[in-house]
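Here the structure comes first, spelled out in structure tokens, and everything after it is commentary.
Quick caveat: nothing in here was measured; it's all calculated off a predicted structure. Chain letters run A, B, ... following the sequence lines, proteins first, then strands; residues in each count from 1.
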Protein chains: 2
Amino acid sequence: MYICPMYSSELIKGTLKTIVLNLLKEQGKMYGYEITQKVKDKTSGKIQITEGALYPTLHALEKQGVLDIEKQYIGKRVRKYYKLTEQGKTTADERVTELTDFMNTMRYLLDLEPKLGNA
Amino acid sequence: MYICPMYSSELIKGTLKTIVLNLLKEQGKMYGYEITQKVKDKTSGKIQITEGALYPTLHALEKQGVLDIEKQYIGKRVRKYYKLTEQGKTTADERVTELTDFMNTMRYLLDLEPKLGNA
DNA sequence: GCATATACTTAAGAATCTTATGTATATTTG
DNA sequence: CAAATATACATAAGATTCTTAAGTATATGC
């Protein structure tokens with residue numbers, strides 16, 4: 001089967017936490033594998049989060065108090081659902097705002113069309 | 001004096017080459033220090049390229065055949081002007097297109113407003 | 001004259017991701 | 001029903017890219 005070309009990994013670097021936090025804000029709770037699939041589906045494979053990158057990040061966010069864990073057993077297999085803590089909700093908002101602002105700055109810097117909305 | 005808050009360095013990571021290539025495409029030729037100042041000015045200090053990041057990148061791009069060097073002496077001090085090679089022009093276009101596309105994908109992934117233009 | 005700005009260089013370390021491997025259960029398919 | 005694939009987690013070694021810091025030297029402003 002055909003593997004859609006991805007963005008260069010340099011570009012994706014640094015956006016992982018923001019992606020995860022925003023997804024959790026929207027979906028309430030998700031488990032790791034689910035996150036990788038959701039991102040792949042929504043981007044038609046152009047952004048693929050590897051498990052080697054995701055799991056350590058989830059662990060770090062948990063340790064920082066941004067995420068809470070909730071284990072669920074599907075038969076014998078464990079699933080670890082992550083959700084935002086109260087602090088995490090704030091962090092998620094901050095991160096998304098920062099990324100939006102950053103992308104606008106990049107547009108201006110590169111002399112691209114400015115974007116609509118949030119004037 | 002007040003130092004304007006920067007974006008978190010994770011976000012900026014990975015966009016440096018694209019920024020440099022696009023600036024050179026617009027300006028024809030620039031030297032390293034000039035690039036750092038131009039980016040700082042245009043972004044009101046929100047993106048600051050450090051010399052420790054820039055110079056090694058310029059050297060790498062030169063080695064890859066993307067940039068050409070042209071030395072100029074200002075009194076006794078040397079300035080190294082960089083400009084795009086023919087290959088570099090192509091690379092610059094590719095990088096900018098990729099970043100634009102990536103930002104649109106991120107907008108969609110984060111359920112933000114889609115951007116204007118380049119439909 | 002001294003502080004600051006200009007201008008380039010490079011090395012050590014940190015942060016983040018890729019690649020690879022490991023473990024194990026569940027489901028699909030021939 | 002056996003084999004292949006998908007689900008689901010974990011982590012270590014290595015690569016890449018940037019930060020921090022130090023070094024060198026000339027030019028300019030006060």
* **Heavy-atom donor-acceptor pair, B:Thr91 side chain to B:Val66 backbone, under 3.5 Å** => no

* Answer yes or no: is there a donor N or O on one side and an acceptor on the other, between the side chain of A:Glu34 and the main chain of A:Tyr31, under 3.5 Å? => yes

Whole angstrom value for the distance that separates [atom2] of [N] from [atom1] of [X]:
X: A:Leu11; N: D:dT17; atom1: CG; atom2: P; value: 11 Å
X: B:Ile12; N: D:dT20; atom1: CD1; atom2: P; value: 11 Å
X: B:Leu54; N: D:dC18; atom1: CG; atom2: P; value: 10 Å
X: B:Ile47; N: D:dT19; atom1: CD1; atom2: P; value: 11 Å
X: A:Tyr7; N: C:dC17; atom1: OH; atom2: P; value: 17 Å
X: A:Glu51; N: D:dA6; atom1: CD; atom2: P; value: 13 Å
X: A:Gln37; N: C:dA26; atom1: CD; atom2: P; value: 18 Å
X: B:His59; N: C:dA11; atom1: NE2; atom2: P; value: 12 Å

* Going by heavy atoms closer than 4.0 Å, what residues in residues 19-36 of chain A are next to DNA chain D? -> A:Tyr31, A:Gly32, A:Tyr33

* Residue-level proximity of residues 61-84 of chain A to DNA chain D when a heavy atom falls under 4.0 Å -> A:Arg77, A:Val78, A:Arg79, A:Lys80

* For atom NZ of A:Lys38, is the number of surrounding heavy atoms from other residues, nucleotides or ligands below 6.0 Å larger than 12? -> no

* **Within 6.0 angstrom of A:Lys83 NZ, more than 12 heavy atoms from elsewhere** => no

* Closer than 4.0 Å, any side-chain N/O of A:Lys13 to the OP1 or OP2 of C:dT18? -> no

* Asked: Just to confirm, is there a sub-4.0 Å distance from OP1 or OP2 of D:dC9 to any side-chain nitrogen or oxygen of A:Tyr55?
  -> yes

* Could B:Lys29 and B:Tyr82 be counted as a cation-pi pair, given that NZ or CZ must be under 6.0 Å from the ring centre and within 45° of the axis? -> no

Ionic contact status for [Y] with [X], cut-off 4.0 Å:
X: A:Glu10; Y: A:Lys13; result: no
X: A:Lys42; Y: B:Asp111; result: yes
X: A:Lys80; Y: A:Glu70; result: no

* To do: Would you mind telling me which of D:dT17, D:dC18, C:dT19 lies closest to the side-chain atoms of B:Leu16?
  => D:dC18

* Hey, could you give me the OH/CD1 distance between B:Tyr7 and B:Ile12, rounded to the nearest 0.5 Å? => 8.5 Å

